[in-house]
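Here is the structure we will look at.
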Amino acid sequence: MPELPEVETIVRELQECLPGKQLTVIEEFYPGTVRVSSKLPSINLNHCVFYGIIEEVFRRGKYIYLVFSSGYAIVIHLRMTGKLVILSRASSIKDNIVNNQNNDHSYDLKHIRATFIFSDDTSLIFNDPRTFGKIDLIPFCDLELLFDKLGYEPLSSEFNSDYLGEAFLERRISLKKSLLNQNIVAGIGNIYANEILYRCKLLPSRIVSNLLEEELINLVTAIKTTLAEAIDCNGTSISDYRRVDDKQGTFQNFLQVYGKKSCPLGHSLSVDKFDGRSTYYCPVCQK
DNA sequence: CCCCGAACCTGACAGC
DNA sequence: TGCTGTCAGGTTCGGG
């Protein structure tokens, strides 16, 4: 579900309330959700452990990072349907989950896969119907390894047409596939890939090594403006995505092609499978 | 290097 | 109403 703008929105909200909190317990309700690095043998999810103080919360690509004073980090990936919700009175929440009750809560307890309990009796709930989302506990020194696997941040100055030209050199892959490749650029998913390609008037099937300099520049501009506008809208809420406070983003009101029948100029859109993903494009506007 | 399909899951929705 | 099939915003793996 969530792509860069949605994850960025969530991270900004977490930055408001998480730093300074002391994590005391991590509970896992769906096996395999929380994975502890083999380099952290001292951490046992079955016991109450002092995990330290949250010093920093940030985003890289679609990953959310919580950095702790005790020298390790938690990496969260929401995948398709993951959601994070901050709740007060953590102790009563836990009882409800264990008893599978849904007393006064508007959210669905049955999809809670893990909870982080803090010393002030608040908690961060990880809710994920499809169970694809993952939470990793790693030593802080391993963060760099994860960063190295990701391409540049699309909104950074390093991400420009020179970089893309280099990355696309002699690559015989389609433009659509390249935008979804997190090693090339980090954070773009299927919805924004469709929107970006419509905005820069390029067909998803274009082979990246054949792009002209001008097309690369237009592509980079479309990537940056689309993502920035979506962040300003707090993301796109199509079905599952909600912000930490359960409010919705509003960028779905500005989508031009994803899920549409025709483009803003009235041409019928084509829907093809690219890389196994629904791809909406305008055969008239996009070249 | 590149492509494709499968796998991980549940829920929503269309059609009969 | 209820069954069945299809689809869903992500990532990783193996095989060709």
Side-chain angles (χ1 to χ4, degrees), chain A residues 1-10 28-35 59-64 75-84 100 107-114 126-136 145-146 149-151 154 166-198 204-210 226-227 230-231 233-243 248-261 271-281:
Chain A
M1 153 190 62
E3 307 176 35
L4 188 151
E6 292 75 40
V7 178
E8 177 66 24
T9 300
I10 290 164
E28 181 187 62
F29 297 98
Y30 183 85
T33 303
V34 182
R35 305 179 295 197
R59 177 193 63 76
R60 179 82 170 83
K62 297 170 193 168
Y63 293 87
I64 297 167
V75 184
I76 303 170
H77 198 300
L78 304 170
R79 295 288 184 100
M80 306 280 258
T81 53
K83 279 180 280 294
L84 291 170
N100 199 22
Y107 54 89
D108 193 353
L109 289 172
K110 113 180 142 177
H111 299 307
I112 291 181
R113 307 308 181 193
F126 181 64
N127 184 307
D128 184 20
R130 281 177 81 179
T131 71
F132 290 171
K134 292 289 177 277
I135 296 168
D136 285 292
L145 292 173
L146 295 177
K149 292 182 188 168
L150 293 174
E166 190 86 16
F168 287 173
L169 207 61
E170 313 214 343
R171 297 290 292 273
R172 303 290 305 166
I173 56 172
S174 71
L175 194 42
K176 174 78 188 300
K177 193 175 173 69
S178 76
L179 293 184
L180 296 179
N181 184 336
Q182 305 298 303
N183 305 314
I184 295 175
V185 52
I188 298 173
N190 199 36
I191 293 180
Y192 292 107
N194 283 298
E195 295 300 314
I196 287 163
L197 290 177
Y198 179 74
S205 56
R206 289 287 298 275
I207 298 300
V208 293
S209 54
N210 294 342
T226 305
L227 296 177
I231 290 172
C233 289
N234 296 308
T236 302
S237 293
I238 283 195
S239 59
D240 296 306
Y241 165 67
R242 294 295 184 274
R243 294 159 62 183
Q248 301 192 26
T250 56
F251 195 71
Q252 63 276 15
N253 301 322
F254 302 98
L255 296 176
Q256 298 183 311
V257 288
Y258 183 81
K260 308 285 184 190
K261 293 258 189 296
V271 191
D272 284 351
K273 285 279 180 192
F274 260 85
D275 205 16
R277 325 287 300 280
S278 299
T279 303
Y280 294 77
Y281 63 97

Subject >> A/Val75 side chain near A/Leu146 side chain, heavy-atom distance below 4.5 Å >> reply: yes

Original post:
So how far is it from A/Ile231 CD1 to A/Leu4 CG, rounded to the nearest 0.5 Å?
Top reply: 5.5 Å

Original post:
Over how many whole Å does the gap from A/Ile112 atom CD1 to B/dT10 atom P extend?
Top reply: 16 Å

Subject >> Strand DNA chain C as a dot-bracket string - pairs counted if Watson-Crick or G-U with both distances under 3.5 Å, | where the partner lies in another strand >> reply: .|||||||.|||||||

Subject >> Proximity to the side chain of A/His77 - top-ranked nucleotide from C/dT11, B/dC9, B/dT10 >> reply: C/dT11

**OP:** Could you state the atom-to-atom distance from CZ of A/Phe274 to C1' of B/dC4 in whole Å?
**Re:** 14 Å

Original post:
Can you tell me how far P of B/dG11 sits from NZ of A/Lys110, to the nearest Å?
Top reply: 4 Å

Original post:
What's the CZ-C1' distance between A/Arg79 and B/dC9, to the nearest Å?
Top reply: 12 Å

Original post:
Expressed as a whole number of Å, how far does the P atom of B/dG5 sit from that of C/dC7?
Top reply: 13 Å

Original post:
How many Å lie between NZ on A/Lys134 and C1' on C/dT11, as a whole number?
Top reply: 10 Å

Original post:
Nearest heavy-atom pair of A/Arg113 and A/Asp128: which atoms, and what distance?
Top reply: NE-O, 2.8 Å

Original post:
On a whole-Å scale, what distance lies between the P atoms belonging to C/dT11 and B/dG11?
Top reply: 22 Å

**OP:** Give the minimum heavy-atom separation between A/Ile188 and A/Lys62, together with the two atoms involved.
**Re:** O-NZ, 3.2 Å

Original post:
Rounded to the nearest Å, what distance is computed from the CD1 atom of residue A/Ile191 to the C1' atom of nucleotide C/dC7?
Top reply: 14 Å

**OP:** For residues A/Asn190 and A/Lys176, report the shortest heavy-atom separation together with the two atoms involved.
**Re:** OD1-NZ, 2.8 Å

Original post:
Of A/Val7, A/Leu84, A/Asp136, which is the lone residue that meets side chain to side chain contact (heavy atoms under 4.5 Å, CB included) with A/Ile76?
Top reply: A/Leu84

Subject >> Atom pair distance, as rounded to whole Å: CZ in A/Phe132 and P in B/dA6 >> reply: 15 Å

Original post:
Does A/Asn194 use its side chain to pair, donor to acceptor, with the backbone of A/Tyr280 at less than 3.5 Å?
Top reply: yes

Original post:
Is the shortest side-chain N/O distance from A/Tyr30 to OP1 or OP2 of B/dT10 below 4.0 Å?
Top reply: no

Original post:
Hey, which of these two, A/Leu180 or A/Arg130, hits DNA chain C nearer its 5' end, going by closest nucleotide?
Top reply: A/Arg130

**OP:** Please determine, for the side chain of A/Arg171, which listed nucleotide (C/dC7, B/dT10, B/dC2) has the closest atom?
**Re:** B/dC2

Original post:
Within the pair A/His111 and B/dT10, is there a side-chain N or O less than 4.0 Å away from OP1 or OP2?
Top reply: no

**OP:** Kindly point out which of B/dT10, C/dC7, B/dC3 is positioned nearest to the side chain of A/Lys273?
**Re:** C/dC7

Subject >> Closest nucleotide among B/dC2, B/dG11, C/dT12 to the A/Tyr63 side chain >> reply: C/dT12

Original post:
What nucleic acid atoms does A/Tyr192 come within less than 4.0 Å of, heavy atoms only: base, sugar-phosphate, or nothing?
Top reply: nothing

**OP:** State whether a side-chain donor-acceptor pair under 3.5 Å links A/Tyr281 with A/Asp272.
**Re:** yes

Subject >> Value in whole Å for how far the C1' atom of B/dC2 lies from CG of A/Asp275 >> reply: 11 Å

